[in-house]
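Chain letters run A, B, ... following the sequence lines, proteins first and then strands; every chain starts at 1.
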2 protein chains.
Amino acid sequence: MTTPAQGLHTHVLDTLGLEIAAGDSPPGQVLRTDELAQRFDVSRTVVREVVRVLESMHLVESRRRVGVTVRPTEEWNVYDPQVIRWRLAGSDRPRQLRSLTVLRSAVEPVAAGLAARNATAEQCAALTECALGMVATSRGHQLEGYLRHDTAFHRIVLNASGNEMFARLGDVVAEVLAGRTHHQVMFEDPDPAAVTLHVRLAEAVREGDAEEAERLTKEIAVGALHELDVLAP
Amino acid sequence: MTTPAQGLHTHVLDTLGLEIAAGDSPPGQVLRTDELAQRFDVSRTVVREVVRVLESMHLVESRRRVGVTVRPTEEWNVYDPQVIRWRLAGSDRPRQLRSLTVLRSAVEPVAAGLAARNATAEQCAALTECALGMVATSRGHQLEGYLRHDTAFHRIVLNASGNEMFARLGDVVAEVLAGRTHHQVMFEDPDPAAVTLHVRLAEAVREGDAEEAERLTKEIAVGALHELDVLAP
DNA sequence: AACCCATTACATACGACTTATTCAAGTGGC
DNA sequence: GCCACTTGAATAAGTCGTATGTAATGGGTT
C-alpha cells in the first residue's frame, strides 16, 4: 500500500489528493495537520507543504483555529491534470469521463480546423504516422500500443492548432484516453470506424481542409460519447 | 510595492508568480531557496511552501543540488486561474487574451446549446435579468456595471450547461472580460451589436432553442475576436 | 445580548541533520 | 597519452523538531 515514493511529499500529496477526489473526506470535513503528520509518520513541515499545494488546487481551505477543511467539488481546479488523474482513479469516473469528453467535443473540432490551416509539414507527417500506427494496432488486443498512438495523434492536432490553450489540453486528453483504456471503459479492440476517421482526419489536415477536419473531429467525439453511453453506467 | 498581504506566503507567491509569468526569470533560470529567503526576508520554510505551489503549477521544477529552475512556458498549467491572472498582468497580455478568446469561441457555443436544453427557470430568469442589465449599462461610460452583468451572464450560461468542465471555465471567462475592460482593450461603450446578441441569446435559451443559442454565441465570440484584432496590437 | 478572555490549531521561524546529485579528481586499462 | 570508469567531496534541496506568534472560536461573565 505504501508506495516507495520518490519523496515523502509526493507520497502524502498523492494519498490525500486521491482520498479527497474520491469523496472519502467529503466537503466540509476537517483535517488536522498534526493528525496527518502522525498518520503518515512525517513532520508537520511536510504536511504543511502538502496542504499548501492542495490549497492552491482549491481542494481544501486552511483556516486558523479550525483546521484544513475540504472544499465543495464545484470549487476544485478541475483542469489541473493532477486533479483529473485523481478523480479518474476514484469512484465517479464515469461522470468525470463524460464531462471531459463533452469538453473534448467542443474544443477538438475547432482545434482541428485551426490545425488544418496552420500545421507544418513535420506535424502533418507525424500525424499520418500516428494514424498508421493506430491502424496497425487496432486489432489483436494491442490496446496499449493503440493508446500511445491515439494520444500522440490528438496531442499533435492540439499543438498544431497554434493556440496555446488548446495545446495545453493535450495532457487532459491524454488522461482521458488513458483513463478509459485502463479502466475497461473500452471494447477489447477499438471501434474500426474511429480508426478510419482518424486516418481521414490526418488527410484533411494535410490538405488544409479545415471544414472537413472539423467535421471529422466532431464525428470522432460523437463516437466517443456514444461509446461512453454504452460502456459506462 | 510591498503589499501588506494577508500572509507572507501569499505575498511571496504572488511576487514570484508575477515575475515568472511576466518573463523576468526566463525558462532555465535557477533560483536558490536561500537567496529567495534573504530577498523577501522570510524563512526558508515559507520559501519552500511557495516553491512547492509553483511546482504544482508546473511553473518551476525543484531538484536537489541544482536549485529551483523555471520551466518553459509550454509546460505551465495555464488553466489555473491564478496563472491566468499573473499572465494577464504581464507583458504578453494581447496574445494571452487572444488565446483565451479563441478558447471561449470553441467552448461557449457548445455550452450555450446545452444550456438551452438544460437551463432551469431560475437560470433563465437570471439570464434575462443580466441581459437587461447589460442593455441598461451599455451607454454612458458605465463599463464597470456592464462588466459585472456581462460576467454574470456568461457564468450563468456555463453553469446552466450542466457540464462541470464548462462551469469551471466561468472564472477564466471572468478574468478575460475583466482583463479587456481594465486594460483599455475595449471601446468606451460596448458594441451595440454584442448587447443585442446577448438579449437574443437569453431568449433562445429560455425558449430551448439550442441551435439558435449556439449560433448566437458563435457570433458573440466572432465579434470579440474581431474587437481584439482592432484594439490589440 | 454584548463583551471579554482562554483555548486551539494554523502560521512563521530557526537550526541541525540527511540525502540525492553533480562535478571533478583520481585510478586503471589500453 | 588517451579514454573509461570509479570514487569522493561539495552543494543545495529535503526532512525534522521545536519554539513562538497569531487569529478565530466558544464559553463564560456582566
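- Take B/E19 and apply the salt bridge (charged side-chain N to carboxylate O under 4.0 Å, His left out) test, not counting sequence neighbours, and it matches B/R39.
- Taking every nucleotide of DNA chain C with any atom under 4.0 Å from a non-hydrogen atom of chain A, the first and last of them, 5' to 3', are C/dT8 to C/dT12.
- Salt bridge status for A/R44 with A/D34: absent, with no side-chain N to carboxylate O gap under 4.0 Å.
- In this view, B/R155 and B/D171 satisfy the salt bridge (charged side-chain N to carboxylate O under 4.0 Å, His left out) rule, not counting sequence neighbours.
- Looking at B/N77, its side chain never comes within 3.5 Å of a backbone N or O of B/D80 through a donor-acceptor pair.
- Under the 3.5 Å distance criterion, the side-chain polar atoms of B/Y79 are matched with a main-chain donor or acceptor of A/M165.
- Only A/R63, A/R64, A/R65, listed by number, bring a heavy atom of residues 48-69 of chain A to less than 4.0 angstrom from any atom of DNA chain D.
- Along DNA chain D, the stretch of nucleotides lying under 4.0 Å from any heavy atom of chain B spans, 5' to 3', D/dT11 to D/dT15.
- When the side-chain contact (heavy atoms from CB on, under 4.5 Å) test is applied to A/R52, the partners found at least two apart in sequence or on another chain are A/R48, A/E55, B/H9, B/E49, B/V53.
- For A/R65, there are no salt bridge (charged side-chain N to carboxylate O under 4.0 Å, His left out) partners at least two apart in sequence or on another chain.
- Comparing A/D41 and B/L31 by the nucleotide of DNA chain D whose heavy atom lies nearest to each, the residue mapping closer to the 5' end is B/L31.
- In this view, A/R71 and A/H58, A/E61, A/E75, A/W76 satisfy the side-chain contact (heavy atoms from CB on, under 4.5 Å) rule, not counting sequence neighbours.
- Listed by chain and number, the residues in a salt bridge (charged side-chain N to carboxylate O under 4.0 Å, His left out) with B/E129 amount to none (sequence neighbours excluded).
- Near-neighbour residues of DNA chain D inside residues 32-40 of chain B, defined by a heavy atom below 4.0 Å, number-ordered: B/R32, B/T33.
- Here B/T217 pairs with nothing under the side chain to side chain donor-acceptor pair (under 3.5 Å) rule; sequence neighbours left out.
- Shown are B/V176, B/L177, B/L201, B/N159; of these, the side-chain contact (heavy atoms from CB on, under 4.5 Å) with B/H154 is made only by B/L177.
- Residues in residues 6-18 of chain A take part in no salt bridge (Lys or Arg N to Asp or Glu O under 4.0 Å) pair, two or more places apart or across chains.
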